[in-house]
Student: 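The structure under discussion is supplied below as structure tokens; questions concerning it will follow.
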Amino acid sequence: MALRRSTRVLAGVAVLALPLTLAACGGDTGGDDEATSGASTFTIWDYENDDSAMGQAWAKAIEIFKTEHPDVTVVTEDQTFEQIQKNAKIFLTGDDVPDVMEYNKGNATAGQLASQGLITSLTDVAEERGWDTTLPASIQTTATYDEQGLMGSGDWFGVPNYGEFVGVYYNQDAFDQLGIAVPTTFEEFEASLKAFKDAGITPLATAGAEYPMGQLWYELVLHYGDRALVDDYQLFTSDVDFQGEAFTKATEKLDEWIKAGYIASDSAALTAEDMGVSFIGGTYPMMVSGSWWFGRLVEEVPFTWGQFLFPGNDLHPGSSGNLWVVPENAKAKDLAYDFIDITLRPEVQEVLGQAGGLPVAGDSSTITDEKTRALTENFENILGDDGLAYYPDWPVPGFYDVIVSELQSLINQSKSPSEVLDGLSTAYFEGKTDLTEG
């Protein structure tokens, strides 16, 4: 689910806010006379830590940019996610704006700015520079927004160059101690859950008070669903039946796992941090969560561990990372396009890859660290199968809190699967109506 990380790297958050009743944007990518490569200053805003994979990659991109534009002064300004998230609509209406800016994807973020005409349409540039062929289809979805600011169609308004996904982290030592094979199929995964439980070990670390339980539930929805269901659910291609086969089987399966004791009975009150700490401490042998945990696990896990994709799934929670967007009032748009293009070059994508940043146009074979290469190969496999399915709370405003609440009820056994689905359905369709008709 999108809400999940420290505030410095809250890139995947697309907690949708207010209905959008905004004017359509034009397709101008040229800007005024100053918005050319003749500008003497180029300003970049981002909110990544310098030592993060993204921070290291942006530094490489800036180095290349300076070499290719020796007469341009590059000004980099570190922001925070909250500063940009809360204030973008205010500062972008003025003239003192950056030339390129890191910004969050989603209907209530990049989509809202696009619909208000505050960021530049990049469609022509994307076609001219080949971004529309470089980036996989499921990555491109987060770059495009229609006149209402809804993701997945319309013009390009941003360019992502890294990604994220949800998989299964596992304690290899725990598997070895009980002679349990690492599962490669859904049936084997369920068998491993039972084997651990039979040995007196609760197999799955999760958290019902925040996003992790929703991600586990969504993995099951995707197990029983297909791309058409994702498009209906996320992009409103058609109506979704929450009492249909995929949602029903997924919720009933999760209920079955709860009853079987595969999930701790106190999970409803646990946070994502509680989940991570318990997995790192060896309490639970498996944790279903995102690639954003990877760096911390490398630093803190004391046992032999690994990661695999949710067995039996062709679709997985995940998305692109943040977008590079160009403010409509930027004075050096051509330089912004050059910079964005540099971030997609192999040498910059390799920096992302070596640091575990999941490049969208990289090559995992160049990655030297075994665990980092395996993580990146998993991501490449998802992209190759057009397997990114975004996050369950993305479609409508306020849905994150509804998912958390309904699944807490399932953990506590105070609601049946059918009642949980009724609650989800009501909130989903009310939110959809507000977005599309409000």
Side-chain angles (χ1 to χ4, degrees), residues 1-15 47-49 51-55 80-82 85 104 164-171 173-174 196 201-219 254 257-258 261-307 310 316-319 321-322 355-358 371 375 391-394 398-412:
M1 201 170 290
L3 278 173
R4 79 283 181 279
R5 290 193 269 183
S6 71
T7 56
R8 289 288 295 172
V9 288
L10 206 56
V13 178
V15 183
Y47 45 82
E48 303 294 346
N49 293 318
D51 58 355
S52 69
M54 283 66 74
T80 67
F81 175 84
E82 287 83 1
Q85 182 84 346
N104 193 17
E164 59 190 33
F165 71 97
V166 174
V168 185
Y169 294 102
Y170 70 98
N171 182 332
D173 292 347
F196 278 114
I201 299 171
T202 302
L204 290 173
T206 191
E210 293 181 346
Y211 67 84
M213 192 64 171
Q215 289 181 340
L216 177 58
W217 170 76
Y218 193 48
E219 287 276 24
L254 188 57
W257 288 0
I258 292 167
Y262 299 162
I263 293 164
S265 59
D266 64 350
S267 293
L270 299 182
T271 66
E273 178 67 11
D274 295 331
M275 173 192 71
V277 169
S278 65
F279 176 75
I280 291 169
T283 304
Y284 304 98
M286 285 183 279
M287 177 176 78
V288 178
S289 200
S291 53
W292 49 89
W293 282 99
F294 178 79
R296 182 171 176 183
L297 298 185
V298 168
E299 295 295 324
E300 298 183 18
V301 167
F303 47 80
T304 304
W305 62 280
Q307 185 202 57
F310 198 83
H316 304 268
S319 73
N322 289 325
L358 297 181
K371 275 189 170 60
L375 176 81
Y391 294 100
D393 61 304
W394 273 23
F399 205 39
Y400 174 84
D401 291 334
V402 177
I403 291 174
V404 167
S405 177
E406 292 295 338
L407 293 182
Q408 283 178 317
S409 297
L410 196 68
I411 296 171
N412 293 329

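Note that this is a predicted model, so its numbers are computed, not measured. Hydrogens, waters and symmetry mates play no part in the numbers below; they use all other heavy atoms, side chains included.
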Student: Once you round to the nearest 0.5 Å, how far does OH of Tyr218 lie from NE2 of His316?
Tutor: 11.5 Å
Student: Heavy atoms only: give me the nearest Ser278-Ala205 pair and the separation to one decimal.
Tutor: OG-CB, 4.0 Å
Student: Can you tell which of Leu410, Val402, Ile403, Val404 makes a side chain to side chain contact (heavy atoms under 4.5 Å, CB included) with Glu406?
Tutor: Val402
Student: What are the two closest non-hydrogen atoms of Ile263 and Met213, and how far apart are they?
Tutor: CD1-CE, 3.8 Å
Student: Quick check for you: to the nearest 0.5 Å, what is the distance between Arg296 atom CZ and Glu273 atom CD?
Tutor: 4.0 Å
Student: Are the side chain of Lys371 and the backbone N or O of Trp305 linked by a donor-acceptor pair below 3.5 Å?
Tutor: yes
Student: For the pair Tyr169 (side chain) and Ser289 (backbone), establish whether a donor and an acceptor sit closer than 3.5 Å, ignoring hydrogens and angles.
Tutor: no
Student: If you look at every heavy atom in Gln215 and Pro317, which pair is closest and at what distance?
Tutor: O-CG, 4.3 Å
Student: Nearest 0.5 Å, please: how far is CG in Leu407 from CG in Leu216?
Tutor: 9.0 Å
Student: Return the OH to OG1 distance between Tyr262 and Thr206, rounded to the nearest 0.5 Å.
Tutor: 16.0 Å
Student: So which atom in Tyr47 and which in Asn104 form the shortest heavy-atom distance, rounded to 0.1 Å?
Tutor: OH-N, 3.6 Å
Student: Please step through side-chain contact (heavy atoms from CB on, under 4.5 Å) for the pair Phe294 and Gln307, ending with a clear verdict.
Tutor: CA-CA 9 Å; Phe294 178 79; Gln307 185 202 57; 6.0 Å; no
Student: Please name the pair of heavy atoms, one in Ala207 and one in Met275, separated by the smallest distance, quoted to 0.1 Å.
Tutor: CB-CB, 4.1 Å
Student: Is the backbone of Thr271 close enough, under 3.5 Å, to the side chain of Glu210 for a donor and an acceptor to pair up by distance?
Tutor: no
Student: Rounded to the nearest 0.5 Å, what's the gap from CG on Leu358 to OG on Ser291? Could you check?
Tutor: 4.5 Å
Student: Between Tyr391 and Trp292, how do the two ring planes meet: parallel, tilted or perpendicular, split at 30° and 60°?
Tutor: tilted
Student: Would Glu48 and Asn322 satisfy side-chain contact (heavy atoms from CB on, under 4.5 Å), going step by step from the backbone distance to the final call?
Tutor: CA-CA 10 Å; Glu48 303 294 346; Asn322 289 325; 3.5 Å; yes
Student: Tell me whether the centres of the aromatic rings in Phe310 and Phe165 are closer together than 6.0 Å.
Tutor: no
Student: Please give me the minimum heavy-atom distance between Trp293 and Tyr211, naming the atom from each residue.
Tutor: NE1-OH, 3.2 Å
Student: Give, for atom CD1 of Ile411 and atom CD1 of Ile258, the distance between the pair rounded to the nearest 0.5 Å.
Tutor: 5.5 Å
Student: With distance as the sole test, does Ser409 use its side chain to make a donor-acceptor pair with the main-chain N or O of Ser405 at under 3.5 Å?
Tutor: yes
